[in-house]
Amino acid sequence: MKQDIVGHKQGLVSKIIIYVLLIALLITIVVPVAWVFMASIKENSEFYGNPFALPQGVHWQNFVDAWTKARMGDYFFTSVMITAMALAILLVVALPAAYVLSRYKFIGSKFLNTCFMAGLFINVSYIVVPIFLMFVSGDKIVRNLFGTGFFLNNPFVVSVVLASTTLPFTIYLLSSYLATLPKDYEEAAYVDGAGYFTTMVRIILPMAKPSIVTVILFEFLAYWNEYIISQTMLTDPNGARTLPVGLLNLMKAQNARAEYGQMYAGMVMVMVPTLVLYMCVQKKLTQGMTLGGLKG
Amino acid sequence: MQKNKARSRFIVACVAPACILAFIFMVVPTFNVFRMSLFRWGGYSPNQTFVGLQNFITLFQDEDFFRSCRNSILLIVLVTVVTLSFALLFAFILTREKIRGQNLFRIVFYIPNILSVVVISAIFSAIYDSNRGLLNSILSLFRGDADPIYWLGDQKIVIYSLAIAMVWQAIGYYMVMYMASMSSIPESLYESANLEGASRTRQFFSITLPLIWTNIRTTLTFFIISNINMSFLFVKAMTGGGPDGSTEVFLSYMYSQAYTNSTYGYGMAIGVVVFSFSFALSALVNFVTKREPLEF
């Protein structure tokens, strides 16, 4: 009897400790994010007082300024464009490759599989400068021939680079899913007289939907948030830029000109699409992670 | 015969685009990293001089490089240990305890992972701001009007400020990962442990940890590789290597030598060393953590 009460007490204490831990982590995540949203509607003068003070009113002007003066509107469209193009290129290229690499045996199939696996270890950060210089010399040649450059400051080229450098991970993720599908589907399709291409598009791809969704979610976040490649490849200060790069500029400008409101409005613009997507699909995303294994 | 021909044509059509893109944007740049580390080249000028291992000899006498080494290794050790311990702890709590709002905690803890590194850097710059920052205004409640702490301006503190931001970003991701593998451990093991009176801590170290050891090993290897990359992204967005080069890490030093400083060959030599280092380190970790895998 006595033991029972002691045990109960211990349980209560550990429960309290556990909740304190959980809530502490919750606060360290929620408060900064919520604070950014709050700060984005504050007037510039309000930033000199207590940082925890609630905004005195809703100052939408920050968003208007960021959208037009800081050109975050343009950057927003560039980001949307680059993300969409990169996703399209990625899927068109990676799906057939993953399908063939995971389900067909041919000369060199083992070699190619190993190569793409090895590609998982090559990080973009190592090769971004070589790619940049490749484009510099490529532009020299193109400029001699046609008068204008092609590779640098071109959103399309950025999306090609983004798609290419994420190929190994995507192929790895898709193949590991496709390899689990039974062989019978294709055999049945061939017996019915379907060609290779029709079999892939009509039979296999619909079945691979869960893994395709996972790829889209992951790579959308990766492309939207990416800034090293786009910062290096889009060099023209008056040309196209992506949102995170624009935000970096706002951060630097903030130190000099004290335009706090604009910066927080810019942060909200970068965050909101990812947060909205996350809220819609958070279950899929965290499940997909275990499906795909790891991402470095 | 006809069928064979169609099959090969289909295979080539599917695999070729992926191979070409990966070759141009991954294989060639990686090869260039290794090749150009043997040259002296400014990056833009046409004269490339072959200098053999001269770049590497300079590198091993470069005090700045050793400083970036120290910072990187400190970040690797510190961030890995703290992140993985917290991730394991919270994963254990959320899978083993009956918690109200369990889903809410899981969803919120994952949020930092979907934010852009630029946004996280902006958030933490605001938190660390010496005059109007959240952290100093909380601390001033306890410290009175003492001199503000320069979280990003003091050379001794700044690297830890970075580490905190990196831990903040990574905990949720690894927690979700561990939750998935922990939930596959059969309930019966914990039930019999409960009957024998094993405490929660004991259960964690004797049941959970050994059974998900394989998963921890894999994440550890990946974490080290991705940490080298993430520290670069954070440094680039948050401190730019400053103040006075005190937060330069491996890849940020490489980037600044190759891109900003236009000593491209030298930068690539750094890349080669870092590349080899990260491989050696993950091989070492893999070897040290090797244990007989346990079955359920």
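Per chain, numbering begins at 1; letters A, B, ... match sequence-line order. Computed from a prediction, not measured in an experiment: that's the story for all the values here.
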So how far is it from A:Phe121 CZ to B:Thr221 OG1, rounded to the nearest 0.5 Å?
8.0 Å
Taking every non-hydrogen pair under 4.5 Å, which of B:Met179, B:Met230, B:Met268, B:Arg200 racks up the most with chain A?
B:Met268
I'd like to know which of A:Val160, A:Ile18, A:Val270 tops the heavy-atom pair count under 4.5 Å against chain B.
A:Ile18
Taken to the nearest 0.5 Å, the spacing of A:Ile29 CD1 from B:Ile171 CD1 works out to 7.0 Å
Could you have a look at B:Ile24, B:Thr30, B:Asn32 and say which one has the most heavy-atom pairs with chain A under 4.5 angstrom?
B:Thr30
Between A:Ser125 and B:Tyr255, is there a side-chain donor-acceptor contact under 3.5 Å, judged purely by atom types and distance?
no
Measure up the A:Tyr104 and B:Phe10 rings against each other and bin them: parallel (under 30°), tilted (30 to 60°), perpendicular (over 60°).
tilted
Per-residue contact mode, B:Ile120 against chain A (heavy atom under 4.5 angstrom)
neither
Check whether B:Leu115 gets within reach of chain A through its side chain, its backbone, both or neither, counting any heavy atom under 4.5 Å.
both
Using non-hydrogen atoms and a 4.5 Å limit, figure out which bit of A:Tyr190 sits close to chain B: side chain, backbone, both or neither.
neither
From B:Cys14 SG over to A:Arg103 CZ, what is the distance, rounded to the nearest 0.5 angstrom?
13.0 Å
Taking every heavy-atom pair that is under 4.5 Å apart, which of A:Ile89, A:Val128, A:Leu248 has the most such pairs with chain B?
A:Leu248
